[in-house]
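Scroll down for the structure; my scribbles are underneath it.
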Amino acid sequence: MTARKVRVRFAPSPTGPLHIGGVRTALFNYLFAKKHGGDFILRIEDTDSTRFVEGAEEYVNDSLAWLGMAVDEGVKEGGEFGPYKQSERKDIYKKYADELIESGWAYYAFDTPAELDALRATAEAEKRNFAYDMHNRMQLKNSLSLSDDEVKQRMDAGEPWVIRFKMPENTDVQTNDMVRGSVTFNTNTLDDKVIFKSADQLPTYHLANIVDDHLMEISHVIRGEEWLPSVPLHIMLYKALKWEDTMPTFAHLPLILKPTGKGKLSKRDGDKGGFPVFPLNWQLEDGVAAGYKESGYFPEAVNNLLALLGWNPGTEQELFSIDELVESFSIERVNKSGARFDPDKAKWFNQQHLMRKDNEELSLLFNDELNERGVVADISFVEQIVAMVKERVNFVSELWEQSFFFFEAPSEYDPKVVKKRWKGDVPAFMGDLVTELEKVDNWVADDIKAVIAAQIEAKGLGFGLVMNAFRLALVGGGFGPDLMVIAEMLGKDETISRVKAAVENIG
RNA sequence: GGUCCCUUCGUCUAGUGGUUAGGACACAAGGUUUUCAUCCUUGAAACAGGAGUUCGAUUCUCCUAGGGACUACCA
């Protein structure tokens, strides 16, 4: 067998915002392609015009771009195998549908949706299952059961029709899935799927998918597990079209499940659990569905957490950059079982990636946020602060609540800390401390500390009690980095003014 | 209902015909940090059940149960 160039595609339907299950499929395709020096193709599968959603295609582009998955060929990027949008490939498919009719692999059917619905309803009432298949196709209205004349007549009269694939009888169809191994289906359990419809002159997913994968020379089809049941149809289609030799290898990825309860992850789970289910914000009529980006996640953290959902490198490494993922990825190590999404671990990944960022990069990000809050600060000052507080947060957006006191005096004091630390001789001591602090000439952490320590000793108070009260005065609560460093950075005047304010306002 | 897929700590997972079944998140305890967070140490926590094969099965086979996907002129 000659080795073909690895070419994989991510083929979403623009029916709404891409959700993280789709993002993970894209990621695995991307990793597989890059790992093998192949191409990552983005194809838009918009053969169902009724479900088209404005902006969904752009959303896919933006999402992949944000996550750093560079598309080699696609609608925007172009390429030799275009167009990359199925609605623009309309003219291509009919020919293959006709070919299937001619070779006897498919037939025209005239049953209306209403008629079929009725048949389904009766079948259901009798607790039977209705399927348009070998058992009843001769009783239905199609070019197999009708005379050639009648077929021609109906078509000439402009009656809508559909082309169905004629699933052969009792044939075992076997596939060797890259993640699931050997899976076999018998065609007797399969129905005659619609592959083309006259109403809009468009193929359905199955035909379009096979034709495009073939024409685009796709070598591996990596997609979600929900597609596993249609594999036999696809294989039969390749066979019928005589494309078996170049049929891609399949890999069906496990699903991402709800954090708790039953079923696969849905938008509602995100609302309920307070975590994003989409890469980017998506505007809804009644609000906005939260995106990872806007929720403060780094793209590398999202890639990392998604990659580890259903895949692992076989080592104990858990933190990966996208390049490291490419390096370590292997489709054989993808799991078969569905993986529950864990919002806590998602945060942890972000925190880990945040801690790995250098202070300069973080300070730039934080500075943007400061500007939004109307705070203007020297970038080197911001960088110093970021260095001190970055290990205390999961997100850049939490930097503010951990460091606001560097930029403005606390407007309130945590009542719990007040109750615990601001009592007895402490308020009086703090008042006296102002005079002592005034005497500090060289305003650096060590000297400030020395003065306070001396004063504490002189008054015979508890060190911890005083330091915590001092902290309360400077930051408004019982948190934050090293207190003496805070005082130093705040400067003499500001520190003293905050102590004075505390003495006046608490109590 | 039918077809197909899946099943190791609460969760993500590693792993083997003989292991003290390993790691991570979360949780708990202790230490460091005179705060909070980080960090360190420790702890609790799993092979769905039943048969079979075998000297021996979590690992192989079968059955059962549970979970999941699909079952459209949607993808």
Side-chain angles (χ1 to χ4, degrees), chain A residues 11-15 45-48 50-51 86 109 111-113 116-117 120 123-124 127-132 160-164 177 179-181 183-186 188-191 193-200 202-206 208-209 223-232 252 254-255 257 259-260 262-264 305 308-319 333 335-349 351-352 355 388-394 398 402 417 420-421 462-468 470-472 475 477-483:
Chain A
S13 245
T15 55
E45 306 221 332
D46 56 349
T47 50
D48 184 1
T50 63
R51 296 211 308 161
Q86 289 184 332
D111 319 82
T112 65
L116 293 174
D117 283 347
R120 266 183 208 103
E124 201 176 326
K127 295 210 163 194
R128 272 180 20 246
N129 206 34
F130 174 80
Y132 205 118
W161 46 263
V162 110
I163 295 179
R164 285 180 182 272
D177 193 280
V179 343
R180 271 147 226 285
V183 181
T184 307
F185 302 83
N186 188 282
N188 280 358
T189 64
L190 270 21
D191 62 345
K193 280 273 182 289
V194 170
I195 56 175
F196 196 92
K197 40 207 199 298
S198 69
D200 53 10
L202 245 27
T204 62
Y205 169 80
H206 303 290
N209 191 263
R223 71 224 308 192
E225 191 187 338
E226 67 269 26
W227 292 108
L228 195 53
S230 49
V231 164
H252 289 87
L255 266 12
L257 274 16
T260 56
K262 293 181 175 186
K264 64 176 179 181
L305 76 91
L308 272 288
L309 231 37
W311 171 85
N312 78 82
T315 65
E316 287 189 350
Q317 183 178 357
E318 293 209 85
L319 267 11
R333 291 203 64 89
N335 279 99
K336 295 181 177 72
S337 49
R340 275 188 198 281
F341 181 80
D342 182 350
D344 281 331
K345 197 144 186 180
K347 278 187 195 168
W348 177 79
F349 275 113
Q351 183 208 33
Q352 294 297 313
M355 285 204 284
M388 279 189 285
V389 301
K390 74 175 191 180
E391 64 198 22
R392 330 165 87 86
V393 301
N394 292 327
E398 292 170 353
Q402 286 297 328
V417 182
K420 196 170 165 196
R421 313 288 191 183
F463 203 80
L465 192 64
V466 171
M467 292 307 267
N468 282 300
F470 190 38
R471 176 177 290 280
L472 182 66
V475 316
F479 61 93
D482 187 278
L483 191 53

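Throughout, a chain's letter reflects where its sequence line sits, starting with A, and its residues are numbered from 1.
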Residue pair Asp48(A), Thr50(A): steps toward the side chain to side chain donor-acceptor pair (under 3.5 Å) verdict: CA-CA 5 Å; Asp48(A) 184 1; Thr50(A) 63; 2.5 Å; yes
Residue pair His252(A), Val231(A): steps toward the side chain to side chain contact (heavy atoms under 4.5 Å, CB included) verdict: CA-CA 10 Å; His252(A) 289 87; Val231(A) 164; 3.1 Å; yes
CA sep, side-chain torsions, deciding dist, call: Ile195(A), Arg164(A), side chain to side chain contact (heavy atoms under 4.5 Å, CB included): CA-CA 6 Å; Ile195(A) 56 175; Arg164(A) 285 180 182 272; over 6 Å; no
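The distance between atom CZ of Phe479(A) and atom C1' of U33(B), rounded to the nearest whole Å, is 17 Å. Atom CG in Asp344(A) sits roughly 7 Å away from atom P in C27(B) (whole-Å rounding). Nucleotide A24(B) holds its C1' atom 10 Å from the CG atom of Leu319(A), rounded to whole Å. We find that NZ of Lys347(A) is positioned 12 Å from C1' of C25(B), with the value rounded to whole Å.
Contact check on Lys347(A) versus Asp344(A) returns no salt bridge, with no Lys/Arg side-chain nitrogen under 4.0 Å from an Asp/Glu carboxylate oxygen.
Rounded to a whole angstrom, the distance from the P atom of G17(B) to that of A75(B) is 46 Å. Between U42(B) and A65(B), the two C1' atoms lie 38 Å apart (nearest whole Å). Between A48(B) and U38(B), the distance separating the two C1' atoms is 39 Å to the nearest Å. Straight-line distance between the C1' atoms of U16(B) and U59(B): roughly 6 Å, to the nearest whole Å. Taking the C1' atom of each, A57(B) and C70(B) are spaced 34 Å apart, rounded to whole Å. For the C1' atoms, the distance linking U32(B) with A24(B) amounts to 23 Å, nearest Å. Nucleotides C12(B) and U7(B) have their C1' atoms positioned 15 Å apart, rounded to a whole Å. With P as the reference atom, A72(B) and G67(B) are 23 Å apart, rounded to whole Å.
Contact annotation: the side chain of Phe341(A) approaches that of Leu309(A) to within less than 4.5 Å [non-hydrogen atoms, C-beta and beyond]. The shortest side-chain heavy-atom distance between Trp348(A) and Asn394(A) does not fall under the 4.5 Å cut-off.
The salt bridge (charged side-chain N to carboxylate O under 4.0 Å, His left out) search around Arg333(A) returns none, not counting sequence neighbours. Taking the side-chain hydrogen bond (donor to acceptor under 3.5 Å, both in side chains) definition, one finds that Lys193(A) meets it with Asp191(A), sequence neighbours left out. A search for salt bridge (charged side-chain N to carboxylate O under 4.0 Å, His left out) contacts involving Lys264(A) returns nothing, not counting sequence neighbours.
Remark: side-chain polar atoms of Asn335(A) are not paired, donor with acceptor, to backbone N or O of Ser337(A) under 3.5 angstrom. A donor-acceptor pair under 3.5 Å is absent between the side-chain atoms of Asn129(A) and the main chain of Ala123(A), judged by distance alone. Checked by atom type and distance alone, the side chain of Thr47(A) never pairs as donor or acceptor with a backbone atom of Thr204(A) at under 3.5 Å.
Nucleotide C47(B) is matched to nothing when pairs are restricted to Watson-Crick or G-U wobble geometry with both distances under 3.5 angstrom. Pairing partner, C74(B): none, since no Watson-Crick or wobble contact has both distances short of 3.5 Å. For A28(B), the paired base is U42(B) (Watson-Crick or G-U wobble, both distances below 3.5 Å). Across all strands shown, C55(B) pairs with G18(B); the Watson-Crick or G-U wobble distances both stay below 3.5 Å. When both pairing distances are held under 3.5 Å, U7(B) makes a Watson-Crick or G-U pair with A65(B).
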Annotated protein contacts, base or backbone, on nucleotides 69-75 of chain B with a non-hydrogen cut-off under 4.0 Å, one of B, S, - each: SS-SBBB
Annotated protein contacts, base or backbone, on nucleotides 37-46 of chain B with a non-hydrogen cut-off under 4.0 Å, one of B, S, - each: BS--------
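Counting non-hydrogen atoms under 4.0 angstrom, Lys336(A) reaches the backbone sugars and phosphates but no base.
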Scan nucleotides 9-15 of chain B against the protein and return all N/O pairs shorter than 3.5 Å with their distances rounded to 0.1 Å.
from	atom 1	to	atom 2	distance (Å)
C12(B)	OP1	Arg340(A)	N	3.0
C12(B)	O2'	Leu308(A)	O	3.1
U13(B)	OP1	Gly310(A)	N	2.9
U13(B)	O3'	Asn312(A)	ND2	2.8
A14(B)	OP1	Asn312(A)	ND2	2.6
A14(B)	O3'	Arg333(A)	NH2	3.4
G15(B)	OP1	Arg333(A)	NH1	3.4
G15(B)	OP1	Arg333(A)	NH2	3.3

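Relative orientation of the His206(A) and Trp227(A) rings is perpendicular, given thresholds of 30° and 60° on the angle between their planes.
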